[in-house]
Amino acid sequence: MNAPAIPALARAPAERRGLVYPFGTAAPDAGTVAEVAPGVLWLRMPLPFALDHINLWLLDGGDHWALVDTGLGLPDVARHWRRLLAGPLAGKPIGRLVVTHYHPDHIGLAGWLAREAGVCLETSRGEYFLARALALDASPTPPPEVVAFYRAHGWREAELTGLTAAGWGGYARGVSPLPAGFRRLQPGDQLRIGGRVWQVWIGAGHSPEHVCLFCPAERILIAGDQLLPRITSNVSVYPTEPEANPLADWLESLARLQDLPEETLVLPAHNEPFLGLHARARQIEADHRRRLERLADALRGPTSARETLPTLFGRPIAATELMMATGEAVAHLNWLVAQGLARRARQEGRFVFQAVS
Ligand SMILES: [Zn+2]
């Protein structure tokens, strides 16, 4: 059922930190495709960040391709797509387009591809509407609530000036205009693609309703950012919902992931396909629990989120990482507060946290 021009990736199993990578560190070059299971194609698109790539997955639907995730909405990525669609994928059209979550590296070209292919975007309701809302936020400078959020969490005046100087509205720049409508995916939905049935599995914490696809017959999970082998997905509180407790959602999702079979081949959005679903879910959970313990220890006196960063990360935080790091810190602090392990108070207009002994 696969196009003959597309090579199967050679098996070269390698073990690292309790996980097995069936293809070792091999990966397709940006803009090329390789087969990881019959009719399941892996392709990579470049990202202009420290994390320099995203994995996308193409499922052979017989007379069409079903695509999972799209790459960032940049001309360079669209060029790769044009080459692929005119080259190795030319035999059949994209007939389905599924997006795991609202982050620009995943949904960036969804609008463009949906229009080019004439298909309906499929994702969860939470991801679709958050993407639409953020894409409308084209203000050139951060809204006052955003500045107030970081001030309240202990940023210094120079850091707040830097935030304003850096500008705003970056989301819309990384996402091509989104389709005006979508098809909602919900937990337990079954997508019949080619000879396979894929079940929709929804997680949360990294994003509101992150879509994963699980094929029970062959035990393959298209995991998006919900389970990555070597990096930990960002779990953050944002000024859009300052009281949120995304870490509770994230830990609940990690526990629920372990209801899927351990021998599942996990196809993550970053790094390489791996085996060891339960082991990896447990590693990530343990990592958060260690951070929570360190953090609770450090909250002996009233402490702002900004002041916890050296404790939480164990290294200096660069200015460019400050927003994400603060979001992570607030996520861990809000979890401690929700568990009754810490208290939050206002002190001179700032939030301070203190452990409950
Ligand atoms: Zn993401």
Side-chain angles (χ1 to χ4, degrees), residues 42-57 67-74 77 97-111 113 121-135 137 170-176 178 182 185 200-214 221-241 244 246-254 256-257 266-274 280-281 284 287-288 320-321 323-328 330-332:
W42 175 11
L43 65 119
R44 269 194 170 174
M45 289 294 178
L47 289 182
F49 311 121
L51 180 60
D52 62 1
H53 69 273
I54 176 167
N55 302 323
L56 316 177
W57 309 96
L67 170 64
V68 182
D69 285 338
T70 69
L72 200 54
L74 295 179
V77 181
L97 171 55
V98 174
V99 163
T100 58
H101 66 295
Y102 79 95
H103 288 156
D105 46 337
H106 299 258
I107 206 170
L109 282 176
L113 280 164
L121 167 64
E122 298 178 61
T123 189
S124 65
R125 189 179 268 173
E127 302 296 335
Y128 175 75
F129 283 109
L130 183 52
R132 288 290 305 275
L134 290 173
D137 190 356
Y171 185 86
R173 286 193 294 277
V175 176
S176 71
L178 287 158
F182 78 114
L185 298 179
V200 174
W201 189 99
I202 303 251
H206 174 66
S207 69
E209 281 186 90
H210 185 298
V211 173
C212 300
L213 295 182
F214 177 62
L221 177 72
I222 298 179
D225 284 352
Q226 198 68 42
L227 194 70
L228 301 174
R230 291 204 290 285
I231 50 178
T232 317
S233 300
N234 185 264
V235 176
S236 271
V237 172
Y238 300 99
T240 40
E241 195 186 343
L247 189 57
D249 295 335
W250 182 246
L251 294 173
E252 183 275 333
S253 297
L254 285 174
R256 202 155 39 82
L257 264 179
V266 183
L267 305 180
H270 307 285
N271 302 127
E272 299 84 32
F274 67 97
R280 185 55 186 149
I284 296 171
D287 196 53
H288 287 291
T320 50
E321 304 172 303
M323 194 182 284
M324 214 176 251
T326 304
E328 285 257 351
V330 178
H332 286 78

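Note that the structure is a prediction, hence the values are computed from the model and not measured. All values below were derived from every heavy atom in this structure, side-chain atoms included, with hydrogens, water molecules and symmetry-related copies excluded. Counting convention: from 1, in listed order, for ligands and their atoms alike.
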**Asked** Are Ser207 and Glu127 linked by a side-chain donor-acceptor pair shorter than 3.5 Å?
**Response** yes

**Asked** Does a donor on one side chain and an acceptor on the other come within less than 3.5 Å for His206 and Asp249?
**Response** no

**Asked** Can you tell me the N, O or S atom of Asp225 that's nearest the Zn ion (ligand 1)?
**Response** OD2

**Request:** Would you name the N/O/S atom of His101 that lies closest to the Zn ion (ligand 1)?
**Result:** NE2

**Request:** Measuring from the Zn ion (ligand 1), name the closest N, O or S atom belonging to His103.
**Result:** ND1

**Message:** Checking His270 against His53: is there a side-chain donor and acceptor pair closer than 3.5 Å?
**Reply:** no

**Asked** What N, O or S atom of His206 is found closest to the Zn ion (ligand 1)?
**Response** NE2

**Asked** For residues Asn55 and Trp42, is any side-chain donor paired with an opposing acceptor at under 3.5 Å?
**Response** yes

